[in-house]
Participant: 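Here you go, one structure.
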Amino acid sequence: MSTDTIQTINPATGMSLETYPMMTDEEARSVVDKCHRAFVEWRETSFNHRGRILRSIGQALQDHKDELAELMSREMGKCLAHSHAEIDLCTGICEYTAEHGASFLREERRDLEVGAEGYVVHAPIGVVYGIQPWNFPAYQVVRYSIANLMTGNGVLLKHAEIVTGSALLLEKIYREGGLPDNLFRVLLISHDQSDDIIANDQVRGVTFTGSPNGGRHVAGEAAKHLKKSVMELGSNDAFIVLADADLDLAVRASVTGRTFNNGETCVAAKRFIVVDELYDEFEARFIEAMSALTLGDPMAEETDIGPMAREDLRDTLHQQVEKSVANGARLALGGQMPEGDGFFYPATVLADVVPGQPAYGEEFFGPVASLIRAKDTDDAMRIANDSRFGLGGGIFSTDTDEAKRLAAEHFDTGMVFINGYGVAQPNMPFGGVKDSGYGREHGGTGVREFANEKAIFVMNGAILG
C-alpha cells in the first residue's frame with residue numbers, strides 16, 4: 001500500500017476533516033484496466049438501458065442530497081444552499097442526458113452517388129479520464145461523466161484533493177444508481193501519476209477543468225500521446241451595463257454573479273464594464289448591495305459568502321487586490337484580511353480599474369469585483385474583449401434584440417448571459433475560447449466530444465470519386 005495520504009481540511013475552521021491513502025502506481029493501473037474491461041461490456045448496451053441507469057443515478061443523487069451537500073460545504077466552503085442547488089443541477093443533467101442523449105448519437109443517413117449509401121455512427125472510444133477542480137465538487141464530475149456514460153465510454157476521475165470525500169461519495173452514488181462496477185472510478189493519485197494515466201494505452205480521451213497553466217500541461221501530455229482532449233479553463237468574464245439597462249436588475253444580478261459560490265466560479269461576473277452615464281449610480285448601488293452581504297459559516301442559513309477553499313487561494317486573491325490598489329485601483333469596499341479561524345475574505349469592490357492592474361487582466365477567484373468605466377457601447381465591447389480569456393460574459397440592456405446581436409457578432413466568448421446571470425443549463429453548450437480552453441460540454445455536444453464519428457460506406461458495387 002502507498003504510504004502517501006491526502007488530508008482534507010474544513011476551510012471554515014482550518015481544522016482537519018479526513019485522511020485518505022493514495023494509490024500506488026500498481027493500484028492505479030489496476031483501476032484503469034478494470035475500467036476498460038467494464039467499458040468493453042458497457043459499449044454493447046442500448047441507449048435505452050444507459051438512459052435508465054442515468055435516471056437512476058439522478059435519483060440516487062437526490063437520495064443522498066443532504067449528505068453530499070453537507071460534505072461539499074465542509075470540504076470546500078460553499079454555502080449549503082448553493083450545494084443543494086448544485087446537486088439539483090446534477091440531477092437535471094442526468095435526466096436531460098437520459099431523455100435526449102440518444103437523439104444526438106443516433107445513426108445518420110447521408111446521400112451518396114447512385115448505388116452507394118452513407119451512414120455516420122457515433123461510437124464510444126473507450127476510457128475517458130477527467131481531472132476536475134474543487135469549486136463544484138459534484139457538478140464538475142457529473143458534467144463530463146454522465147455525457148460519456150451515455151456515449152458508452154468508461155470514466156475515470158482525478159478530483160481535487162481537498163474534495164476527496166465528495167469524489168468517493170459520488171462513486172458510491174453512481175454504484176447505488178445501478179452503474180456497473182468499475183465503469184466510473186476515482187483515482188487517488190499525484191500529479192506525476194496522473195501523467196502516467198494520460199499515457200496509459202487504455203485511456204483514449206482526457207478532459208480537464210482548471211487553470212490555464214494546468215490546462216497547458218494536461219493538453220500537452222494528451223497531445224504527446226495523440227489523445228483527444230477538452231479544456232475548460234479560467235476566465236475574467238465581463239458583464240456590460242449599457243445606457244438603457246434596467247439598473248435594479250443589473251445591480252441585483254451582478255452581485256449574485258460575483259458572489260455565487262463564494263465568487264469561486266469560472267463562468268462568473270468578474271469585470272463590470274459600465275457606460276459613463278450610468279457608472280456613478282451603478283457603483284454606488286453595487287457597493288451598497290455588496291456591503292449588505294453576510295460573511296460567515298457556510299452551514300448557516302443567513303450566510304451569503306462562506307470561506308475560500310484554501311488558505312493559499314485567499315492569500316493569492318489578497319495579493320492581487322493589493323497589487324491592483326498599488327497600481328491605481330481604488331478600494332471602494334472590503335479588501336481587508338479578516339482575523340480569526342478559517343479562510344474568509346470579504347466582499348470587495350475595486351473601482352477605477354484600468355489596464356496594467358491585476359483587476360483588469362487577471363482572473364480573481366473569489367468575492368472581488370472590478371468596476372471599469374466605458375465611454376459608450378462600442379468602448380464597452382472593446383474592453384470586454386480586451387482579455388486573453390473567453391469563457392462567459394453578460395449584457396444588461398432593455399433592447400434585447402440589440403443585446404443578442406452584440407452577443408452573437410461581437411462578444412468573443414463561448415457563452416453570453418443577457419439581463420441575468422447563470423452558471424450552466426443541461427440543454428445549452430458549455431465552454432470557452434482563447435485561454436479559457438476548447439471543446440464543449442452539455443447541450444448534446446458533450447455526448448459527442450469523446451465519440452468516434454465513424455463514416456460507413458455501403459458501396460453496393462459502386463466506385464466513388
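Along the sequence shown, residues are numbered consecutively beginning with 1.
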Participant: Test salt bridge (charged side-chain N to carboxylate O under 4.0 Å, His left out) on E221 and K227; report intermediate values, then the result.
Facilitator: CA-CA 9 Å; E221 290 297 310; K227 296 182 181 181; over 6 Å; no

Participant: One thing to verify: whether D196 and R29 come together as a salt bridge, which I'm taking to mean a side-chain N less than 4.0 angstrom from a carboxylate O.
Facilitator: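 Salt bridge flag = no for D196 with R29.
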
Participant: As an exercise, state the distance from CG of L71 to OG of S166, rounded to the nearest 0.5 Å.
Facilitator: 4.0 Å

Participant: Would you please say whether a donor-acceptor pair under 3.5 Å links the side chains of Q140 and H159?
Facilitator: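 Absent: no donor and acceptor within the cut-off.
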
Participant: Nearest 0.5 Å, what's the CD-NE2 distance between Q193 and H191?
Facilitator: 11.0 Å

Participant: Does the side chain of T19 come under 3.5 Å of the side chain of T5 through a donor N or O and an acceptor N or O?
Facilitator: no

Participant: For a quick test of reading the model, state the closest non-hydrogen atom pair linking G306 to C79 and the distance between them.
Facilitator: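 Heavy atoms only, the tightest pair is N-SG, 3.9 Å.
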
Participant: Counting only heavy atoms not in M428, do more than 12 sit closer than 6.0 Å to its CE atom?
Facilitator: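 Counting neighbours around CE of M428, 12 or fewer heavy atoms of other residues, nucleotides or ligands fall under 6.0 Å, so no.
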
Participant: Heavy atoms, side chains only, cut-off 4.5 Å: are V255 and L293 in contact?
Facilitator: yes

Participant: Within a reach of under 6.0 Å around NE2 of H225, are more than 12 heavy atoms found that belong to other residues, nucleotides or ligands?
Facilitator: yes

Participant: Is the shortest side-chain heavy-atom distance between W134 and L313 below 4.5 Å?
Facilitator: yes

Participant: Under 3.5 Å, is there a donor-acceptor pair between the E362 and N236 side chains?
Facilitator: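 Absent: no donor and acceptor within the cut-off.
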
Participant: Check whether the side chains of Y438 and S229 place a donor and an acceptor atom closer than 3.5 Å, and report yes or no.
Facilitator: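 S229 and Y438 do have a side-chain donor-acceptor pair below 3.5 Å.
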
Participant: Tell me, with the steps shown, if R185 and E171 meet salt bridge (charged side-chain N to carboxylate O under 4.0 Å, His left out).
Facilitator: CA-CA 6 Å; R185 289 293 306 272; E171 185 179 76; 3.3 Å; yes

Participant: Considering only heavy atoms from C-beta outward, does the side chain of L350 approach that of V325 to under 4.5 Å?
Facilitator: yes

Participant: Side chains of T413 and L391: does their closest heavy-atom pair fall under 4.5 Å?
Facilitator: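 Not touching, per the 4.5 Å side-chain cut-off.
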
Participant: Starting at CG of L406, measure out to CE of M381 and round the result to the nearest 0.5 Å.
Facilitator: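 Going from the CG atom of L406 to the CE atom of M381 covers 4.5 Å.
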
Participant: In the structure I gave you, are the side-chain heavy atoms of L80 and E70 within less than 4.5 Å of one another anywhere?
Facilitator: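 Touching, per the 4.5 Å side-chain cut-off.
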
Participant: Please name the pair of heavy atoms, one in P429 and one in R440, separated by the smallest distance, quoted to 0.1 Å.
Facilitator: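 Nearest pair, atom of P429 first, then R440: CB-CD, 4.3 Å.
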
Participant: Answer with yes or no whether the side chains of S194 and Y129 bring together a donor and an acceptor at under 3.5 Å.
Facilitator: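 Note: Y129 and S194 side chains meet the donor-acceptor criterion.
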
Participant: Any heavy-atom pair between the side chains of F396 and D246 that's under 4.5 Å?
Facilitator: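 Answer no - side chains too far apart.
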
Participant: Tell me, please, which residues at least two apart from D312 pass salt bridge (Lys or Arg N to Asp or Glu O under 4.0 Å).
Facilitator: R310

Participant: Hey, is the main chain of P346 close enough, under 3.5 Å, to the side chain of T348 for a donor-acceptor pair?
Facilitator: yes

Participant: V155 versus V127: any side-chain heavy-atom pair under 4.5 Å?
Facilitator: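 Answer no - side chains too far apart.
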
Participant: For I240 and F411, what are the C-alpha separation, side-chain angles and deciding distance, and is it a side-chain contact (heavy atoms from CB on, under 4.5 Å)?
Facilitator: CA-CA 11 Å; I240 297 171; F411 228 134; 4.1 Å; yes

Participant: Is there side-chain contact between L317 and F364, with at least one heavy-atom pair below 4.5 Å?
Facilitator: yes

Participant: Checking L169 against E67 for the side-chain contact (heavy atoms from CB on, under 4.5 Å) test, could you report, in this order, the C-alpha distance in whole Å, the side-chain angles of both residues, the deciding distance, and whether it holds?
Facilitator: CA-CA 9 Å; L169 180 53; E67 178 187 5; 3.7 Å; yes

Participant: Determine the interplanar angle of the F136 and Y139 rings, folded into 0 to 90°, and report it as parallel if under 30°, tilted if 30 to 60°, perpendicular if over 60°.
Facilitator: perpendicular

Participant: If you count heavy atoms of other groups shown closer than 6.0 angstrom to CD of Q7, is the number above 12?
Facilitator: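 Yes - once you tally the heavy atoms of other residues, nucleotides and ligands closer than 6.0 Å, there are more than 12.
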
Participant: Would you say that more than 12 heavy atoms from the other residues, nucleotides or ligands in this model lie under 6.0 Å from the CD of E26, or not?
Facilitator: yes

Participant: Would H82 and E86 count as having a side-chain donor-acceptor pair, cut-off 3.5 Å?
Facilitator: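 No - no donor-acceptor pair under 3.5 Å links their side chains.
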
Participant: Measure the spacing between OG of S145 and CD of E441 and express it to the nearest 0.5 Å.
Facilitator: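 Output value for this atom pair is 10.0 Å.
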
Participant: For the pair K270 and D237, evaluate salt bridge (charged side-chain N to carboxylate O under 4.0 Å, His left out) and give the outcome as yes or no after the intermediate values.
Facilitator: CA-CA 5 Å; K270 295 174 182 175; D237 293 0; 5.9 Å; no

Participant: Measuring from atom CD1 of I9 to atom CZ of F343, what distance do you get when rounded to the nearest 0.5 angstrom?
Facilitator: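 One gets 6.0 Å once the value is rounded to the nearest 0.5 Å.
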
Participant: Can you check side-chain hydrogen bond (donor to acceptor under 3.5 Å, both in side chains) on S397 and D244, steps first, answer last?
Facilitator: CA-CA 5 Å; S397 169; D244 62 349; 2.9 Å; yes

Participant: Does F430 have R143 sitting over its ring (NZ/CZ under 6.0 Å from centre, angle to axis within 45°)?
Facilitator: yes

Participant: Relative to each other, are the rings of F282 and F272 parallel, tilted or perpendicular (30° and 60° limits)?
Facilitator: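 If you compare the ring of F282 with that of F272, the planes turn out tilted.
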
Participant: Do R216 and D435 pass the salt bridge (charged side-chain N to carboxylate O under 4.0 Å, His left out) test, and can you show the C-alpha distance, the side-chain angles, and the key distance before you say yes or no?
Facilitator: CA-CA 9 Å; R216 289 185 182 94; D435 278 11; 3.3 Å; yes

Participant: Say you draw a straight line from NZ of K375 to CZ of R382; how long is it, rounded to the nearest 0.5 Å?
Facilitator: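 Those atoms lie 7.5 Å apart.
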
Participant: One thing to verify: whether R373 and E283 come together as a salt bridge, which I'm taking to mean a side-chain N less than 4.0 angstrom from a carboxylate O.
Facilitator: no

Participant: Count the heavy atoms belonging to other residues, nucleotides or ligands that lie under 6.0 Å from CD of E288, then report whether that count exceeds 12.
Facilitator: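 Atom CD in E288 is not crowded, with 12 or fewer foreign heavy atoms closer than 6.0 Å.
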
Participant: Let me see the working for D63 and Q59 under side-chain hydrogen bond (donor to acceptor under 3.5 Å, both in side chains), right down to the final yes or no.
Facilitator: CA-CA 6 Å; D63 293 342; Q59 181 57 55; 2.9 Å; yes

Participant: Check A374 against I383 and note the closest heavy-atom contact, atom names and distance.
Facilitator: CB-CD1, 4.0 Å

